[in-house]
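Reviewing the structure listed below.
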Amino acid sequence: MHQALESLLDLLDLERIEEDIFRGRSRSALIPRVFGGQVAAQALVAAGRTVPAERTAHSLHAYFLRAGDPGAPIVYTVDRIRDGASFTTRRVVAIQHGQPIFHLSASFQRYEEGMEHQAAMPPAPDPESLPTAAEMLPRYASAFRDEGVVDRLIEARAAVDLRYVDAPPWASVGSPREPRSQVWFRTNGKLADDPLLHVCLATYVSDMTLLDSVLLAHGRGGWAVGDVVGASLDHAMWFHRPFRADEWLLYDQESPSASGGRGLGQARIYTQDGRLAITVIQEGVVRVPRP
C-alpha cells in the first residue's frame, strides 16, 4: 500500500471522544483551507460508526458552510435522527473554533431485493492506457502560477491513482470546450472489505474534479492556474450498487449550467465492468477574479 494511502486511511480513522462525538485531523491542501472531500468523507465516517454494520450508505446531502482551518481539529457531532425498519438517518455537524463549517445528512439501508435498471456506461479508454498524474502533470507546468504547484498536486493526489481521459482544464486555457470530462480513479493500494470505507473514499475523491466541466465550458484553467476563484457549496451522492474504491471507477462528469457566480456539476460513477455505482451532483462558487 502506498504511504499516502496509509496516511489518508489514518486521517479517516476518527477519534471517538463521546458516544456520538468524533474528532478528526486535516492534511495539507493546495489551498489554505480544508479540502471539501476530506471533511465530507470524515463526516460520513462519523455517521457510519453510529449505524449497524449491515446497513450501508445509500445517499448523502451536504452543505459547505465555512472554510475549514487545516491547522485545527474538526469535531463531528452526530444526531441519530431515525432508526427505522429499513432505513437509518443521521445528521452530522462539523465544528471548528465553536462554529459549524459543514453539515451532512446521510441515509443508510439494510439490503433488499428490488427492481433493476440503469443508464448505460459511456465509452471510455482502458485506464491502464492513460498517463498517471506523475506522468501527466509535469507536461503542463508552465500553465500554473508557480513551479511548486505540480509537485503539490502530485502529492495531494498520491493516495489515489487518478487518470484523465481527455486533457484537464489547465491544458486548454482560453479555448472553451464541451462541458464534459472523464477520469478513471482507484486507490493506490488494496483496502479492507468494509463497505463504509469504500463509500467514504469515493466521497473523498468525488470532490477533486467534479467542477472541471464548468471550467471547460469557459476555457478556464482552475484554482491552481489562478483564472477563477471558488469553493464547493453543496454536494449530494447516491450509492446505487456495491463497488470497491481500490478497483477502477469511471467518473463521467458534465456541467448543465453556470449562472449567478455558481457552477453545477453532475456525474455518474461506473465500475470497470459497466455497473452504475454512484450518482453525484455538486454546486460551487465559480467566479472570475476581479482586476
- Message: Given 3.5 Å as the limit, does a donor-acceptor pair link the side chain of Arg23 with the main chain of Ile17, or not?
- Response: no
- Is any side-chain N of the basic residue among Arg262 and Glu283 closer than 4.0 Å to the acidic one's carboxylate O? yes
- Between atom NE2 of His97 and atom CD1 of Ile74, what is the distance when rounded to the nearest 0.5 Å? 9.5 Å
- Query: Going by atom types only, do Tyr164 and Asp212 share a side-chain donor-acceptor pair under 3.5 Å?
  - Reply: yes
- Side-chain contact, heavy-atom cut-off 4.5 Å: Gln38 with Leu11? yes
- Task: Answer whether the closest heavy-atom distance between the side chains of Phe144 and Leu153 falls below 4.5 Å.
- Result: yes
- Item | Steps toward side chain to side chain donor-acceptor pair (under 3.5 Å) verdict (Gln109, Glu112) | CA-CA 9 Å; Gln109 181 189 15; Glu112 61 182 81; 3.3 Å; yes
- Item | Where Pro127 and Arg163 come nearest, the two heavy atoms and their spacing | O-NH1, 3.1 Å
- Query: Of all residues at least two apart in sequence or in a different chain, which pass the side-chain contact (heavy atoms from CB on, under 4.5 Å) check with Arg244?
  - Reply: Lys190, Asp193, His198, Asp246, Glu247
- Query: Between the side chains of Asp252 and Gln182, does any donor sit under 3.5 Å from an acceptor?
  - Reply: yes
- Message: How close do Ser26 and Pro70 get, counting heavy atoms only, and between which atoms?
- Response: CB-O, 3.6 Å
- Message: So His61 and Trp238, do their side chains get closer than 4.5 Å, heavy atoms only?
- Response: yes
- salt bridge (Lys or Arg N to Asp or Glu O under 4.0 Å) pairs, two or more places apart, involving residues 86-107: Asp79-Arg91, Asp83-Arg90
- Run the numbers on Gln282 and Asp207 for side chain to side chain donor-acceptor pair (under 3.5 Å), then give the verdict. CA-CA 8 Å; Gln282 183 183 63; Asp207 192 40; 2.5 Å; yes
- Message: Can a side-chain donor-acceptor contact be found between Thr88 and Arg82 if the only test is distance below 3.5 angstrom?
- Response: no
- Message: So does Ala4 get a backbone contact from the side chain of His2, meaning a donor-acceptor N/O pair under 3.5 Å?
- Response: yes
- Item | From CA spacing to verdict: salt bridge (charged side-chain N to carboxylate O under 4.0 Å, His left out), Glu19, Arg80 | CA-CA 11 Å; Glu19 181 65 19; Arg80 301 183 183 230; 3.5 Å; yes
- Item | Side-chain donor or acceptor of Glu15 paired with backbone N/O of Gly24 under 3.5 Å | no
- Item | Student check: side-chain heavy atoms of Ile281 and Asp234 closer than 4.5 Å | no
- Message: Taking atom CZ as the centre, does Arg268 end up with more than 12 heavy-atom neighbours from other residues, nucleotides or ligands that are less than 6.0 angstrom away?
- Response: no
- Message: Run the ring pair (Phe, Tyr, Trp, His ring centres under 6.0 Å) test against Phe185 and tell me which residues pass, sequence neighbours left out.
- Response: none
- Output yes when a side-chain donor or acceptor of Gln42 lies under 3.5 Å from a complementary backbone atom of Phe22, and no otherwise. no
- Remaining members of the apolar cluster that contains Tyr270, side-chain heavy atoms under 4.5 Å: Met121, Leu130, Val165, Trp184, Trp248, Leu250, Leu276
- Transitively linked via ILVMFWY side-chain contacts under 4.5 Å: Leu216 with Leu211? no
- Note on the structure: CG (Leu44) and CG (Leu104) are apart, to the nearest 0.5 Å, by 6.5 Å
- Backbone N or O of Leu264 within a donor-acceptor pair of the Ser255 side chain at under 3.5 Å? yes
- Considering all heavy atoms of both residues, which atom of Ala159 and which atom of Leu8 are nearest to each other, and what is their separation? CB-CD2, 3.9 Å
- Taking atom OG1 of Thr132 and atom CZ of Arg157, what is their separation to the nearest 0.5 Å? 12.5 Å
- Item | From CA spacing to verdict: side-chain contact (heavy atoms from CB on, under 4.5 Å), Val288, His218 | CA-CA 10 Å; Val288 177; His218 301 274; over 6 Å; no
- Item | Rounded distance [0.5 Å steps], CG in Asp151 versus CG in Leu137 | 9.5 Å
- Message: If I take atom OG from residue Ser206 and atom CG from residue Leu60, how far apart are they, to the nearest 0.5 angstrom?
- Response: 7.5 Å
- Does Thr187 use its side chain to pair, donor to acceptor, with the backbone of Gly189 at less than 3.5 Å? yes
- Message: Any side-chain to backbone donor/acceptor pair from Arg241 onto Ile278? Under 3.5 Å, distance only.
- Response: no
- Message: Hydrogens and angles aside, do Asp20 and Thr77 bring a side-chain donor and acceptor to less than 3.5 Å of each other?
- Response: no
- Looking at Tyr76 and Ala46, what are the two nearest heavy atoms and their distance? CB-CB, 4.0 Å
- Which residues share a side-chain hydrogen bond (donor to acceptor under 3.5 Å, both in side chains) with Asp273, sequence neighbours left out: Thr271, Arg275
- Query: Are Pro256 and Gln266 close enough that some pair of their side-chain heavy atoms sits under 4.5 Å apart?
  - Reply: yes
- Query: Excluding sequence neighbours, so at least two apart, what forms ring pair (Phe, Tyr, Trp, His ring centres under 6.0 Å) with His240?
  - Reply: none
- Item | Stepwise side chain to side chain donor-acceptor pair (under 3.5 Å) check, Thr209 with Gln253 | CA-CA 8 Å; Thr209 62; Gln253 306 155 99; 2.8 Å; yes
- Task: List the steps and the verdict of side-chain contact (heavy atoms from CB on, under 4.5 Å) for Phe243 and Leu249.
- Result: CA-CA 9 Å; Phe243 64 91; Leu249 296 168; 4.0 Å; yes
- Message: Counting only heavy atoms not in Glu54 (residues, nucleotides, ligands), do more than 12 fall under 6.0 Å from its CD?
- Response: yes
- Item | Arg16, CZ: over 12 other non-hydrogen atoms inside 6.0 angstrom | yes
- Note on the structure: In short, Ala85 meets Arg55 closest at the heavy-atom pair O-NH2, 2.9 Å
- Query: Quick check: does any side chain N or O of Arg287 sit under 3.5 Å from a backbone N or O of Gly261, one acting as donor and the other as acceptor?
  - Reply: no
- Got Thr279 and Met237 here, is their nearest side-chain heavy-atom distance under 4.5 Å? no
- Nearest heavy-atom neighbours spanning Ala171 and Tyr140: CB-CE2, 3.3 Å
- Does Asp227 use its side chain to pair, donor to acceptor, with the backbone of Gly222 at less than 3.5 Å? yes
- Message: For Glu6, is the CD atom crowded, meaning more than 12 foreign heavy atoms sit under 6.0 Å from it?
- Response: yes
- Polar side-chain atom of Thr203 near backbone of Val199 as donor-acceptor pair, under 3.5 Å: yes
- Please step through side-chain contact (heavy atoms from CB on, under 4.5 Å) for the pair Val51 and Leu196, ending with a clear verdict. CA-CA 10 Å; Val51 175; Leu196 178 63; over 6 Å; no
- Query: So Tyr251 and Leu210, side-chain contact (heavy atoms from CB on, under 4.5 Å) or not? Walk me through it.
  - Reply: CA-CA 9 Å; Tyr251 200 3; Leu210 185 49; 3.6 Å; yes
- Query: Distance from Leu162 atom CG to Ile154 atom CD1, nearest 0.5 Å?
  - Reply: 12.5 Å
- Task: Assert yes or no for the condition that the ring centre distance of His58 to Phe87 is strictly below 6.0 Å.
- Result: yes
